[in-house]
Amino acid sequence: MALTGRTALLAALGSLPVGILAPSWAGMLAVNAPLSLAILCDYALAAPVRTLQFTRSGDTSVRLGDGAEVHLTVTNPSRRRLRALLRDAWPPSSWLPGTEQASSRRRLTVPAGERRRLTTSLRPTRRGDRHAERITVRSFGPLGLAARQGHHEVPWTVRVLPPFTSRKHLPSRLARLRELDGRTSVLTRGEGTEFDSLREYVPGDDTRSIDWRATARQTAVAVRTWRPERDRHILIVLDTGRTSAGRVGDVPRLDASMDAALLLTALASRAGDRVDLLAYDRRLRAQVQGRSAGDVLPAMVNALAPLEPELVETDARGLAATALARAPRRSLIVLLTGLDTAPIEEGLLPVLPQLAQRHTVLVASVADPRVTRMAERRGTIEAVYEAAAATQTQSQRARTADQLRRHGVTVVDATPENLAPALADAYLALKAAGRL
């Protein structure tokens with residue numbers, strides 16, 4: 001038997017998708033046929049969601065702390081005007097706290113057969129890849145009484161790169177590099193192994209640098225000047241094991257190590273040296289190898305961006321074997337790791353001789369400034385106990401560094417904000433001493 005009157009209207013409304021009508025309407029619809037008809041018509045006049053077309057454009061990478069813009073173009077191919085509430089979903093770390101709802105939810109009107117572009121402003125709070133989630137659209141009828149709802153998958157990825165805050169130290173280190181390389185008026189005496197030129201002897205010069213043949217041809221004593229060798233190989237090894245997951249202040253240890261690695265890469269590539277990178281814990285996590293001086297820094301930034309610490313103990317033997325395989329001839333191996341006593345004594349020290357025998361080794365580690373502040377505290381029993389614990393930690397750390405130095409290793413131990421310039425200074429000191 002065919003349905004007529006109010007029964008037919010309620011049956012038609014009952015066939016609408018769940019969630020289109022608010023629960024508060026249920027009782028009213030049963031007694032108000034005109035209202036039921038208005039809602040049904042409003043739903044029928046709402047623009048369809050499934051036929052909407054979406055395309056994305058905009059930024060694909062951004063440095064941590066900076067903003068990125070991703071554009072979403074919405075095309076309405078139907079014959080009905082689109083009146084919609086649109087949500088463009090991204091991971092929570094894509095926004096500053098408290099700004100997600102305002103940035104991802106927009107009201108939108110698109111006439112039939114036209115298109116509109118929306119801009120989503122992102123400000124990521126973590127490194128790595130941020131992938132766009134689904135787009136949800138709620139299309140309302142002319143009266144706003146009912147709506148259609150659906151979603152679309154429109155993929156897009158924004159890679160959040162390391163901030164490279166230490167690049168502010170690059171100009172001063174490049175100036176020192178130019179002094180070492182003989183490109184300024186400052187003379188570097190008796191350093192490096194590549195002959196540069198002759199000059200007159202100055203008291204304090206190394207007598208081994210005197211050129212006796214040139215001296216015999218002139219009235220003054222002639223001294224050879226040297227410039228640091230170029231085209232040296234530097235292998236940066238980033239420990240991504242559990243010790244790199246700890247935070248020092250607001251900065252993860254791994255991020256501070258990355259920043260130091262980037263400054264060293266920028267400096268060494270300007271010096272004409274070749275720089276490679278590998279990140280390792282129990283397996284190889286990332287690598288950059290064989291890049292030219294102009295490409296190595298962007299490649300390294302891109303490789304480090306998605307890297308996260310692994311909560312596992314680093315396999316020191318595997319790390320050493322991988323480093324030796326990547327450095328077949330004498331190189332500078334820069335190991336960015338922790339100076340905790342147990343991992344060093346049980347992991348690194350047994351394999352250190354085979355590294356130090358073939359290469360120049362430099363170990364850089366992030367120090368916690370809170371330990372220094374704790375060691376200076378006094379006044380209460382709790383403060384004294386904290387000072388004693390901090391002093392013991394400092395003593396153990398210094399003893400570990402001394403063990404490494406006895407194997408001929410250069411050790412850099414600095415706070416997160418000082419690690420990058422300290423590592424760059426250590427590199428320049430090695431270069432000036434002719435150890436590269």
Please determine whether the number of non-hydrogen atoms from other residues, nucleotides or ligands lying under 6.0 Å from atom [atom1] of [X] exceeds 12.
{"X": "Glu153", "atom1": "CD", "answer": "yes"}
{"X": "Arg126", "atom1": "CZ", "answer": "no"}
{"X": "Asp402", "atom1": "CG", "answer": "yes"}
{"X": "Arg330", "atom1": "CZ", "answer": "yes"}

Side chains of [Y] and [X]: any donor to acceptor distance under 3.5 Å?
{"X": "Arg397", "Y": "Ser365", "answer": "yes"}
{"X": "Gln287", "Y": "Arg326", "answer": "yes"}
{"X": "Asp276", "Y": "His233", "answer": "yes"}

Quick check for you: to the nearest 0.5 Å, what is the distance between [X] atom [atom1] and [Y] atom [atom2]?
{"X": "Glu376", "Y": "Thr372", "atom1": "CD", "atom2": "OG1", "value": "6.5 Å"}
{"X": "Arg173", "Y": "Arg270", "atom1": "CZ", "atom2": "CZ", "value": "14.5 Å"}
{"X": "Asp340", "Y": "Leu348", "atom1": "CG", "atom2": "CG", "value": "12.0 Å"}
{"X": "Leu311", "Y": "Glu308", "atom1": "CG", "atom2": "CD", "value": "10.5 Å"}
{"X": "Leu86", "Y": "Ile135", "atom1": "CG", "atom2": "CD1", "value": "6.0 Å"}
{"X": "Arg274", "Y": "Leu332", "atom1": "CZ", "atom2": "CG", "value": "12.5 Å"}

Are any non-hydrogen side-chain atoms of [X] and [Y] less than 4.5 angstrom apart?
{"X": "Leu428", "Y": "Leu267", "result": "yes"}
{"X": "Pro124", "Y": "Pro91", "result": "no"}
{"X": "Thr55", "Y": "Leu72", "result": "no"}
{"X": "Val363", "Y": "Thr337", "result": "yes"}
{"X": "Trp156", "Y": "Thr60", "result": "yes"}
{"X": "Leu430", "Y": "Thr410", "result": "yes"}
{"X": "Leu235", "Y": "Val334", "result": "no"}

Query raised in the report: Do Arg285 and Glu310 pass the salt bridge (Lys or Arg N to Asp or Glu O under 4.0 Å) test, and can you show the C-alpha distance, the side-chain angles, and the key distance before you say yes or no?
Result: CA-CA 10 Å; Arg285 300 288 177 179; Glu310 298 291 331; 3.6 Å; yes

For [X] and [Y], indicate whether the former's side chain and the latter's backbone hold a donor-acceptor pair under 3.5 Å.
{"X": "Asp295", "Y": "Ala299", "answer": "no"}
{"X": "Asp368", "Y": "Val248", "answer": "no"}
{"X": "Arg81", "Y": "Val110", "answer": "no"}
{"X": "Arg167", "Y": "Leu263", "answer": "no"}
{"X": "Arg127", "Y": "Ala305", "answer": "yes"}
{"X": "Arg253", "Y": "Val366", "answer": "yes"}
{"X": "Thr265", "Y": "Ala261", "answer": "yes"}
{"X": "His71", "Y": "Gly58", "answer": "no"}
{"X": "Arg282", "Y": "Val312", "answer": "no"}
{"X": "Asp59", "Y": "Val70", "answer": "no"}

**Report entry** Member of Thr109, Leu85, Leu45 meeting the side chain to side chain contact (heavy atoms under 4.5 Å, CB included) criterion with Phe140
**Finding:**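 Among the candidates, only Leu85 passes.
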
Query - side chain to side chain contact (heavy atoms under 4.5 Å, CB included) partner of Leu238, chosen from Leu335, Leu278, Leu307 - result: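 Only match with Leu238 under side chain to side chain contact (heavy atoms under 4.5 Å, CB included): Leu307.
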
Query raised in the report: Asp281 and Thr314: side-chain hydrogen bond (donor to acceptor under 3.5 Å, both in side chains), yes or no, with the steps?
Result: CA-CA 4 Å; Asp281 41 71; Thr314 299; over 6 Å; no

Report task. Could you walk me through whether Arg159 and Asp129 pass salt bridge (Lys or Arg N to Asp or Glu O under 4.0 Å), step by step? Result -> CA-CA 4 Å; Arg159 172 156 289 190; Asp129 292 337; 2.6 Å; yes

Requested in this report: Take Leu82 and Leu52, measure what side chain to side chain contact (heavy atoms under 4.5 Å, CB included) needs, and give me the verdict at the end.
Outcome: CA-CA 9 Å; Leu82 174 67; Leu52 294 177; 3.9 Å; yes

Query - Ion pair check, Asp315 and Arg317, cut-off under 4.0 Å - result: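 Between Arg317 and Asp315 there is no salt bridge, as every charged N stays at least 4.0 Å from the carboxylate O atoms.
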
Query - Charged N-O contact under 4.0 Å between Asp88 and Arg106 - result: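 Salt bridge: no.
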
Requested in this report: Just do the side-chain hydrogen bond (donor to acceptor under 3.5 Å, both in side chains) check on Arg130 and Ser93 with the steps written out, would you?
Outcome: CA-CA 8 Å; Arg130 296 294 169 268; Ser93 58; 2.8 Å; yes

Query raised in the report: Does Phe164 have Arg63 sitting over its ring (NZ/CZ under 6.0 Å from centre, angle to axis within 45°)?
Result: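 No, Arg63 and Phe164 do not form such a contact.
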
